[in-house]
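Notes follow once the structure below has been shown.
Remember, it's a predicted structure, so these values are computed and weren't measured experimentally. First listed ligand is number 1; within each ligand, the first listed atom is number 1.
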Amino acid sequence: MAELTCSALRKAFDGQSALDGVTATIASGEFVALLGPSGCGKTTLLRLVAGFETPDAGSIRLGERILAGEGRFVAPEDRNIGMVFQSYALWPHMTVAGNISYPLEMRRMSAQERRQRVRQALELTGLERFADRMPAQLSGGQRQRVALARCLVAEPQAVLLDEPLANLDLSLRAAMQQAFADFHTRTKATMLYVTHDQTEALALADRVAVMRNGRICQFAAPEELYDRPANRFVAGFVGDGAVIPVQAAGPLTALGIAVNASGQQIMARATSAAPTHICIRPEDLAIDPDGPIPAQVVACTYQGGRFRLELETALGGMIAHARGRARSKEHIRLRIGQPWAFSDNG
Ligand SMILES: Nc1ncnc2c1ncn2[C@@H]1O[C@H](COP(=O)(O)OP(=O)(O)OP(=O)(O)O)[C@@H](O)[C@H]1O
C-alpha cells in the first residue's frame, strides 16, 4: 500500500471549472471518504486519480511514483489502482471464481498461484460458498463483494470506490458498510471512497474530505467535522447543524467564549477569539420549560427511540431531539448547551 498525494489539481470541462486546486494527502492504509453535494467534483477527482482524465494543472503521486503532472502521465492499467463502481461490471458468462481470477489470467499468472489468490479473495469477502455461482444467481450485495474481491486479487496499491453502495437497499447498505470496514481492517488498503451519503462517510472513513465547488473545504476525522466544523458550509452540510451569526461578547478562555446572537448571550466552545458564527447541533439543545429561548415546532418526525423536532426560533431554524412527540405549531422553550463557535468571513 502507498501514500496518495494530490497537489494543486485543476480540471475544467468546456471552460467550466470542475476541480479548482485540490491538495490532499491520503496516508498509506488510510480510508478517506469524499463527501459533497452533487456536482462538487468528487467523481472528477476520482477519475483523475484512476487515470481516466488528465489534469489541466497539478500532480498526482502514488508512493514514489508520479502518476500525472510534471510532464508525465501513467495509463490507468499501469497505475496499480483498483476500482469498484456503483454498477458491478461483472462478466455475466463467468462464475464468481472466474470473474475474480480474470485479472490474474490477463497478467499470465500461473494456475496454481491464481487459485491461491482467488481463494484468499473469496475468504476476505465472505464469498467462499458462492465460488461456482453465476453473477445472475447473486444478490446485489453479493455482486458488489465479487467486484471488491476482483479488485483485491490484483493487489492494488490503492482502491477507489465510486458510490459502491448506491444501488443497494437500506438494510443491505448497512451490512455492506460493515463488509467494507472489515475489508479495510484486514487488508489495510489505501482507500478513497466517493459518496454523497454523509452517514456512510462518517461511519466508514478515518478522515472525510468535504468538497464544494471543486475545492476541499475541510479534511478531518468524522468527529472533528461534526464537533468542530471549520466553516459555514461544513457546519450546515454535516449533521443537523443550525448555523447562526454571532459577535464575540467576551475574551476567549479555556472554558470557551461568550457570544451574542440576536441579543442572547451564549457560552460556546471555540479556538477563535473573534468567531462570526456558531453551529448548534441537536445534542446542544435541551427542551426546558424554563429555558431562555422560545421556539415553535414546525415538524415532528419519529426516528426510532426519539423524535426529531424542526423548530423556528428568533435566532433561526434549529433541530432538536425529544423523548416525546410534539404537535405542529406547539410553543416550547430551549436551553442551549455549548455549541461550537468559529470564524468564517468567506
Ligand atoms: N465529461 C464531462 N464533460 C463536461 N462536464 C463534466 C464532465 N464531467 C464532469 N463534468 C462537470 O464537472 C462538475 C463536477 O462533476 P462531478 O461528476 O465530478 O461531480 P460529483 O461531485 O461527482 O457529482 P455527483 O454526486 O452528482 O456524482 C459538474 O458540474 C459536471 O457537470
Fill in: Geometric N/O contact Gly39 with ligand 1, under 3.5 angstrom
yes
Worksheet item: With only distance considered, is Glu53 within less than 3.5 Å of ligand 1 through an N or O on each side?
Response: no
Worksheet item: Please state which protein non-hydrogen atom is closest to atom 4 (C) of ligand 1 and give its distance, to 0.1 Å?
Response: Phe13 CB, 3.2 Å
Item to complete: Measure the distances from the heavy atoms of Gly41 to every atom of ligand 1 and state whether one is below 4.0 angstrom.
Response: yes
Worksheet entry | Over all atoms of both residues, closest heavy-atom pair of Pro339 and Asp284 | CA-OD2, 3.7 Å
Response to the item:
atom 12 (O) of ligand 1: closest protein heavy atom, distance to 0.1 Å, is Ala18 CB, 3.4 Å
Worksheet item: Has Glu64 got more than 12 heavy atoms of other residues, nucleotides or ligands less than 6.0 Å from its CD?
Response: no
Practice prompt. Looking only at distances, please establish whether an N/O atom of ligand 1 is found under 3.5 Å from an N/O atom of Cys40.
Written response: yes
Worksheet item: Within 45° of the axis and under 6.0 Å from the centre of the six-membered ring of Phe73, does NZ or CZ of Arg79 qualify?
Response: yes
Fill in: Heavy atom of the protein closest to atom 25 (O) of ligand 1 (residue, atom name, distance)
Lys42 NZ, 2.8 Å
Worksheet item: Should the pair Phe233 and Phe237 be assigned to parallel (<30°), tilted (30 to 60°) or perpendicular (>60°) ring geometry?
Response: parallel
Item to complete: Tell me, yes or no, whether the heavy-atom count around Arg65 atom CZ, taken from other residues, nucleotides or ligands under 6.0 Å, exceeds 12.
Response: yes
Item to complete: Anything under 30° is parallel, anything over 60° is perpendicular, the rest tilted; go ahead and classify Phe307 against Tyr302.
Response: tilted
Worksheet, complete the sentence: Residue, atom and distance of the protein heavy atom nearest atom 18 (O) of ligand 1 read Thr44 OG1, 2.5 Å
Fill in: Backbone or side-chain N or O of Thr43 under 3.5 Å from ligand 1 N or O
yes
Discussion item. Is there a polar contact between ligand 1 and Ser38, counting only N or O atoms under 3.5 Å apart?
Written reply: yes
Response to the item:
Closest non-hydrogen contact found for Met318 with Ile336 is CE-CD1, 4.5 Å
